[in-house]
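What follows is a set of notes on a single structure, which appears directly below.
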2 protein chains.
Amino acid sequence: MRHQKIRNMDEFATLSGISRPTISKYFNDPDSVRSSTRDKIEAALKEYDYRPNIYAMNQNRRLTKNIGIVVPYLADPFFAEIARVLERRCIDAGFTPSLYSSHGEQGLENAILDTLRSLKPAGVLLAPLGRASDRKYIEQFCRDVPTILFDSNIEGVGAAFVGSDNFSFVSQTVEYLNRTGNVPCFFEMRDPVNPNANKRRHAYLEMMRRLNLEPHIVKIDGTGWGFEEIGRQGALKVLHDNMLPTKTVLCSNDRLAIGFLSACHELGVTVGRDETCDIRVASHDDHPYSRFTCPSLTTAAHDYESVADHAVETLFQLIDAGGKLNNREERLFAARLIMRGSA
Amino acid sequence: MRHQKIRNMDEFATLSGISRPTISKYFNDPDSVRSSTRDKIEAALKEYDYRPNIYAMNQNRRLTKNIGIVVPYLADPFFAEIARVLERRCIDAGFTPSLYSSHGEQGLENAILDTLRSLKPAGVLLAPLGRASDRKYIEQFCRDVPTILFDSNIEGVGAAFVGSDNFSFVSQTVEYLNRTGNVPCFFEMRDPVNPNANKRRHAYLEMMRRLNLEPHIVKIDGTGWGFEEIGRQGALKVLHDNMLPTKTVLCSNDRLAIGFLSACHELGVTVGRDETCDIRVASHDDHPYSRFTCPSLTTAAHDYESVADHAVETLFQLIDAGGKLNNREERLFAARLIMRGSA
DNA sequence: ATATAAATTTAACGCGCGTAAATAAATGTT
DNA sequence: AACATTTATTTACGCGCGTTAAATTTATAT
């Protein structure tokens with residue numbers, strides 16, 4: 001590699017002995033040029049280490065190769081994990097993903113959408129805040145930019161939705177808990193930020209109805225995205241007041257359950273499927289830390305890979321179709337029950 | 001707000017009654033224009049909702065307003081948290097941060113640096129992979145792009161380093177553990193990826209020497225960034241073989257400790273500061289989940305805010321200074337001991 | 001009222017690349 | 001070998017904004 005600095009594509013074209021439009025074509029799709037010229041270009045590329053100016057590239061292009069990925073809360077390892085898979089898929093497909101976290105704030109979510117708008121991305125994968133989202137703002141954004149919603153649905157917004165089937169989660173845990181012991185009560189936040197929480201509550205009620213059992217819902221206070229602490233405080237209160245309606249607790253999500261288990265330990269309440277234990281606790285999401293809780297958490301796992309794959313695939317279809325799909329697909333993936341120590 | 005679409009700055013200039021160069025000046029620094037014209041521009045901005053094309057903006061500018069933030073592993077809530085604070089600081093200062101995770105892979109770290117290079121950022125905040133980093137690659141990058149290293153130092157690379165003082169972490173935990181009970185052994189991975197791990201081991205050995213105590217280091221196998229599982233497997237083995245040299249365990253970091261506690265629970269080994277407990281466990285980092293382990297984890301906390309503030313401040317100085325600082329400062333922040341249930 | 005400084009306007013060029021049309025060359029087919 | 005087809009070259013324009021220099025207007029100070 002020579003240390004000669006190359007200013008622009010013209011210079012590189014001269015040095016590689018290929019015309020500039022062909023070089024341009026190569027960078028937009030290496031397979032679009034004859035293999036012999038491709039070899040020449042790549043040889044020169046090794047020799048001179050030239051990279052086209054991305055700003056100049058994108059300014060005059062119909063569509064950039066950028067993809068925006070937006071999650072509501074990146075400090076939640078669940079979103080970090082799914083973002084990781086999404087990023088990888090985009091890179092493999094030749095796109096340049098950029099990752100954004102709304103940090104649970106509506107203002108930031110809107111600001112991110114503004115930023116994305118000016119990035120002129122080929123498409124966007126958006127997991128909205130949920131109840132805290134500015135629906136109209138997102139709606140307008142989705143009209144302008146090809147967007148797939150994931151994780152948390154907003155009815156009718158975006159070209160498609162890809163997520164997990166909350167009924168599949170809850171039906172499996174309820175069925176399992178009921179079959180292997182006593183009836184579960186449902187432990188959740190009073191005002192959940194995420195619409196999945198509502199779907200899960202409804203699924204619980206529906207399952208209990210089908211099984212001809214009386215449902216019990218335990219609602220705890222707290223706002224924001226610090227679910228573990230909220231779950232812990234709620235559990236401390238419920239356990240202390242002896243207000244648990246049943247000896248089996250089904251938490252709406254793993255992060256609440258992590259807090260719940262922490263409270264149990266603090267109060268000396270033993271948790272496990274063992275007969276000698278005081279209570280059982282189960283949950284949903286298969287959070288990356290759920291296998292390291294004490295005891296390890298029985299939960300229902302997202303099909304991360306499928307959700308990510310299908311979201312990205314749908315986005316690529318959307319991009320290929322020019323930004324519009326005929327009908328708004330809502331694709332839900334089933335959960336997988338993970339039996340561990342806690343229930 | 002009228003729904004008229006504005007194509008470019010020229011059009012917006014006409015509509016707002018201000019000349020284009022002045023509009024351009026305004027977007028580069030609103031305070032650089034007279035307040036009366038600023039008012040006119042901002043009135044028109046509300047009316048027409050125009051945003052300059054960022055690609056056209058950046059292509060012909062010496063320096064963009066972009067700042068790159070790179071962390072080794074975003075699924076680790078510690079990095080997610082510090083990234084959150086860094087992002088916020090950059091936004092508040094009028095910059096546009098973009099976040100990248102190396103996902104523990106050298107290839108990806110290098111690819112991210114390539115991407116950043118073509119983004120022509122004003123500056124970069126880089127937490128390198130550590131031992132897995134391609135030193136020469138990073139060195140070359142830092143020569144071309146104003147870069148501040150944080151969390152994990154590479155001697156002589158980058159314009160400055162901002163991180164935590166590992167000796168401060170370990171000295172406090174060792175002193176505390178020794179004072180309140182028996183001597184701690186040091187639990188760590190055999191081949192740690194992060195240079196902080198080595199500093200912590202040395203700090204442990206030094207502290208034990210000062211206290212005239214015999215050091216014991218327990219090294220466990222495992223590679224990669226799945227520290228919890230590595231800690232768990234290591235602990236299962238050590239506990240099963242009864243190879244723990246002392247009844248107090250000081251883990252190199254919280255993620256290992258989370259795995260350790262999980263193993264203890266599985267094997268029925270009780271953990272806590274209480275006399276009746278089998279062992280005590282402490283650690284370092286004050287990981288976001290360390291307060292929710294069972295029992296909650298005694299640990300030494302990073303001064304997140306100070307590290308983030310100082311890293312960003314130093315970067316801004318670096319940018320103002322035109323990309324070069326006279327001497328490479330290495331700034332370390334002290335830890336704060338957090339006493340919880342585990343030790 | 002005048003001198004001076006500061007801000008704005010006008011006019012124009014350049015940045016690096018996308019893209020299109022016409023032409024030329026290479027490759028494939030019979 | 002003649003033809004059709006694919007691929008590359010030449011030429012030229014445009015994208016939207018940064019930036020500069022000179023001319024002009026406006027604000028501030030004397």
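The chains referred to below are lettered A, B, ... by the order of the sequence lines, with proteins before strands, and numbering in each begins at 1. Below, all heavy atoms of this structure are taken into account, side chains as well, without hydrogens, waters or symmetry copies. Please read these numbers as outputs of a predicted model, since none were measured by experiment.
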Notebook entry, point to check: If each of B:Lys25 and B:Ala56 is mapped to the nucleotide of DNA chain C with the nearest heavy atom, which maps nearer the 5' terminus, i.e. the 5' end?
Noted result: B:Lys25
Item checked: Note: B:Glu42-B:Lys46 ion pair, threshold 4.0 Å (strictly below) -> no
Check: C:dT19 C1' sits how many Å from A:Ile23 CD1, rounded?
Finding: 16 Å
Checklist line | Check: C:dG16 base within 3.5 Å donor-acceptor of A:Gln59 side chain | finding: yes
Margin query: Taking A:Glu87 first and then A:Arg89, would you say they form a salt bridge - that is, a charged N and a carboxylate O separated by under 4.0 Å?
Written below: no
Notebook entry, point to check: In whole angstrom, what separates B:Phe27's CZ from D:dG16's P?
Noted result: 15 Å
Notebook entry, point to check: Of the nucleotides C:dC17, D:dT9, D:dC17, which one has an atom closest to the side chain of A:Ser19?
Noted result: D:dT9
Checklist line | A:Arg20 CZ - C:dA20 P separation (whole Å) | finding: 13 Å
Next item on the list: Using a cut-off of strictly less than 4.0 Å, decide whether A:Asn28 has a side-chain nitrogen or oxygen near OP1 or OP2 of C:dG18.
Entry: yes
Check: Rounding to a whole Å, what distance do you find between B:Arg61:CZ and D:dG16:P?
Finding: 17 Å
Note to self: It should be established whether A:Tyr26 places a side-chain nitrogen or oxygen under 4.0 Å from OP1 or OP2 of nucleotide D:dT7.
What the structure shows: no
Item checked: Spacing of A:Arg7 atom CZ relative to C:dC17 atom C1', expressed in whole Å -> 16 Å
Note to self: Can you work out whether B:Pro21 or A:Ser36 has the more 5'-proximal nearest nucleotide on DNA chain C?
What the structure shows: B:Pro21
Item checked: Nearest-angstrom distance from the residue atom NZ of A:Lys65 to P of C:dG18 -> 13 Å
Next item on the list: Give a yes/no answer on whether the side chain of B:Ser24 brings an N or O atom under 4.0 Å of OP1 or OP2 in D:dC17.
Entry: no
Next item on the list: List the steps and the verdict of salt bridge (charged side-chain N to carboxylate O under 4.0 Å, His left out) for B:Arg331 and B:Glu313.
Entry: CA-CA 12 Å; B:Arg331 178 67 182 277; B:Glu313 278 309 315; over 6 Å; no
Check: Ring centres of A:Phe150 and A:His310 under 6.0 Å apart?
Finding: no
Checklist line | B:Tyr73 and B:Phe78 aromatic centres sub-6.0 Å | finding: no
Checklist line | Nearest-angstrom distance from the residue atom CD1 of A:Ile18 to C1' of D:dT7 | finding: 11 Å
Next item on the list: Quickly work out the B:Lys40 NZ to D:dT25 C1' distance and round it to whole Å.
Entry: 12 Å
Checklist line | side-chain N/O B:Thr22 vs C:dT8 OP1/OP2, d < 4.0 Å | finding: no
